[in-house]
Amino acid sequence: MKATCWYGKKDVRVDNVPDPEIINPRDAIVKVTSTAICGSDLHLYNGFVPAMEKGDILGHEFMGEVVDVGDEVHSLKVGDRVVVPFPIACGNCFFCQEKLYSVCENSNPNAWMAEKMWGHSPSGIFGYSHLTGGYAGGQAEYVRVPFADVGPLKVPDGMSDEQVLFLSDILPTGYMAAEACEIKPGSTVAVWGCGPVGQFAIQSAYLLGAERVIAIDRLPERLRMAYDKSKAIALNYEQVDIAEALKDMTGGRGPDACIDAVGMEAHGMGIMGAYDRVKQAMAAQTDRPVALRQALMSCRNGGVVSIPGVYGGFLDKVPFGSVMNRSLTIKTGQTHVQRYMQPLLERIRNGDFDPAVIITHRMALDDAAYAYEIFCDKQDECIKVVLRP
Ligand code: NAD
Ligand code: ZN
Ligand code: ZN
């Protein structure tokens with residue numbers, strides 16, 4: 001079959017590789033009909049995630065048709081259309097019982113690697129390095145789905161791929177980020193990053209009752225989308241001083257909640273921006289926490305800083321004194337996608353979300369290398385790419 005494989009920094013290729021097979025009785029094989037490239041994939045593409053090996057198959061946002069099931073999968077049958085959540089979770093362990101699916105303790109066979117870096121291991125993730133299991137991803141014609149009896153969501157008849165594909169990751173991610181903000185009537189929420197995750201965080205914050213959502217980025221097309229589709233107040237950080245603007249807009253107090261939907265590759269300006277770039281390039285710091293620093297410093301006293309943006313390792317110059325002395329609450333995590341799939345499917349059906357509006361590019365799987373390039377460099381006003389194998 002054809003699959004999008006990682007070969008190194010800014011080097012992905014569509015290769016011919018062996019078809020996946022059922023290994024465990026709870027596996028299914030899915031023939032992929034739609035798959036997307038995520039901001040998280042860019043961290044692999046740009047070489048910031050360790051434990052990638054040449055030839056690893058990428059992709060954790062995908063859906064398709066079940067073509068084979070193991071003996072213990074009774075909830076799915078051949079021919080079913082499913083969306084697959086990106087964290088691989090057993091459904092039975094302590095964490096799955098607590099609905100903390102992205103930290104399932106049974107799905108990362110390389111837990112020892114993750115324990116060295118993070119103390120404990122999160123769940124396995126499709127196509128996301130050997131640190132989270134070395135599972136083949138779904139930017140491919142076929143994919144093996146472990147624990148297929150608990151993860152995949154069956155797609156109701158009449159719903160298109162584009163309506164439901166993002167239930168695999170970014171719609172639940174934006175929603176969980178907003179839910180963490182404990183939004184009350186009158187709340188002001190500021191969102192750093194207007195990529196796909198930021199767009200869904202903005203929409204979710206309004207749905208959950210925020211009075212004002214302030215969207216921060218520098219790319220005009222993304223700010224425009226935040227304003228046009230969600231009526232967010234758009235701020236371009238290359239044109240305004242964000243810290244000052246947020247104070248002005250909140251009577252000096254700061255937003256009630258701040259969402260960092262940027263993560264480890266934040267674009268930085270000035271001396272601190274240069275400092276982060278150099279340290280990350282020298283591997284003296286794994287992440288560039290520019291947006292995170294700003295979110296922490298800007299949030300009002302006693303507010304929530306919600307961090308869907310992915311961080312990899314050790315962060316420098318994070319103002320933890322501000323967190324402690326001002327009673328901030330930090331909420332973060334890989335999304336517990338399984339928890340949100342069914343309720344968000346209902347919200348798509350009743351019109352609360354129209355996820356397809358963020359798609360700017362539709363391409364064949366064969367064009368994956370080009371798709372990564374334009375999404376990474378934000379060329380051609382690219383916001384979200386969907387690939388069709
Ligand atoms: P993206 O690359 O499309 O969007 C990132 C946006 O941040 C870009 O529009 C960029 O211009 C903007 N940005 C960069 N520096 C900034 C700064 N200093 N201030 C404000 N904005 C800045 O990516 P995406 O797909 O939207 O993903 C966003 C983040 O969410 C990534 O880190 C990704 O890994 C993460 N993510 C997390 C989960 C999860 O489970 N927690 C799931 C999906 C994605
Ligand atoms: Zn993702
Ligand atoms: Zn589990």
Side-chain angles (χ1 to χ4, degrees), residues 36-46 48-49 58-62 85-108 122-128 137 147 150-151 166 168-174 176-177 180 190-201 215-223 225-226 235-238 242 259-269 272-273 276 287-295 306-312 331-338 358 360 375-378 382-385:
I37 305 177
C38 178
S40 299
D41 292 321
L42 297 180
H43 309 319
L44 308 173
Y45 185 68
N46 289 324
F48 292 123
V49 178
L58 296 168
H60 60 265
E61 298 183 0
F62 59 89
F86 81 81
I88 299 171
C90 77
N92 302 325
C93 70
F94 170 81
F95 295 105
C96 287
Q97 293 294 308
E98 296 286 313
K99 297 190 165 45
L100 296 168
Y101 299 100
S102 74
V103 289
C104 168
E105 61 191 347
N106 281 328
S107 59
N108 186 358
S123 74
I125 296 179
F126 290 100
Y128 214 68
F147 303 121
V150 293
F166 301 142
S168 59
D169 177 350
I170 52 172
L171 180 56
T173 295
M176 184 169 108
V191 180
W192 276 256
C194 298
V197 171
Q199 301 289 342
F200 288 138
I216 304 160
D217 206 301
R218 77 191 159 99
L219 300 167
E221 64 278 10
R222 290 176 179 225
L223 288 168
M225 181 179 276
L235 295 182
N236 186 329
Y237 66 81
E238 287 186 328
I242 297 299
I259 296 178
D260 167 4
V262 180
M264 64 162 92
E265 292 186 63
H267 173 251
M269 296 194 300
M272 280 309 270
D276 285 318
D287 305 73
R288 304 196 298 259
V290 183
L292 178 60
R293 287 186 197 119
Q294 234 175 35
S306 167
I307 312 169
V310 163
Y311 289 91
K331 299 262 189 107
T332 184
Q334 295 283 1
T335 304
H336 306 295
V337 175
Q338 286 84 339
I358 68 160
T360 51
F375 178 50
C376 179
D377 298 340
K378 316 307 189 211
C382 181
I383 297 178
K384 189 74 178 177
V385 185

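In listed order, ligands and their atoms are each counted from 1.
In this structure, the side chain of Gln294 does not engage the main chain of Asp260 through any donor-acceptor pair within 3.5 Å.
In the vicinity of Phe375, heavy-atom distances shorter than 4.0 Å reach the ligand 1 atoms 3 (O). Ligand 1 places these atoms under 4.0 Å from at least one heavy atom of Ile216: 20 (C), 21 (N). Remark: ligand 1 atoms within the under-4.0 Å shell around heavy atoms of Trp192 are 19 (N), 20 (C). Near Lys378, meaning under 4.0 Å from one of its heavy atoms, ligand 1 places the atoms 1 (P), 2 (O), 3 (O). Applying the 4.0 Å criterion to heavy atoms of Leu219 picks out, from ligand 1, the atoms 9 (O), 11 (O).
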With salt bridge (charged side-chain N to carboxylate O under 4.0 Å, His left out) as the criterion, how do Arg293 and Asp276 come out once you've worked through the C-alpha distance, each side chain's angles and the decisive distance to 0.1 Å? CA-CA 12 Å; Arg293 287 186 197 119; Asp276 285 318; 2.7 Å; yes
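Across Ile358, Leu235, Thr335, heavy-atom proximity to atom 40 (O) of ligand 1 is greatest for Thr335. By heavy-atom distance, the residue among Ile383, Val191, Val197 lying nearest atom 26 (O) of ligand 1 is Val197. Among Val262, Val337, Thr332, the residue whose heavy atom lies nearest to atom 29 (C) of ligand 1 is Val262.
For a threshold of 3.5 Å applied to N or O pairs, the pair formed by Gly39 and ligand 1 contains at least one separation below that value. Between Arg222 and ligand 1, an N or O atom pair is found at a separation short of 3.5 Å.
Take the N/O/S atoms of Glu61: the one nearest the Zn ion (ligand 2) is OE2.
Aromatic rings from Phe375 and Tyr45 are positioned such that their centres are separated by 6.0 Å or more.
Minimum interatomic distance between Ala180 and Ser306 (heavy atoms only, all atoms of both residues): CB-OG, 3.8 Å.
For the Zn ion (ligand 2), the N/O/S atoms of Asp169 include one lying under 2.8 Å.
Side-chain atoms of Leu219 and Cys194, non-hydrogen and from C-beta on, never get closer than 4.5 Å to each other. The shortest distance between side-chain heavy atoms of Ile358 and Phe200 falls below 4.5 Å.
The angle Cys96:SG - the Zn ion (ligand 3) - Cys90:SG amounts to 120°, with values rounded to 10 degrees.
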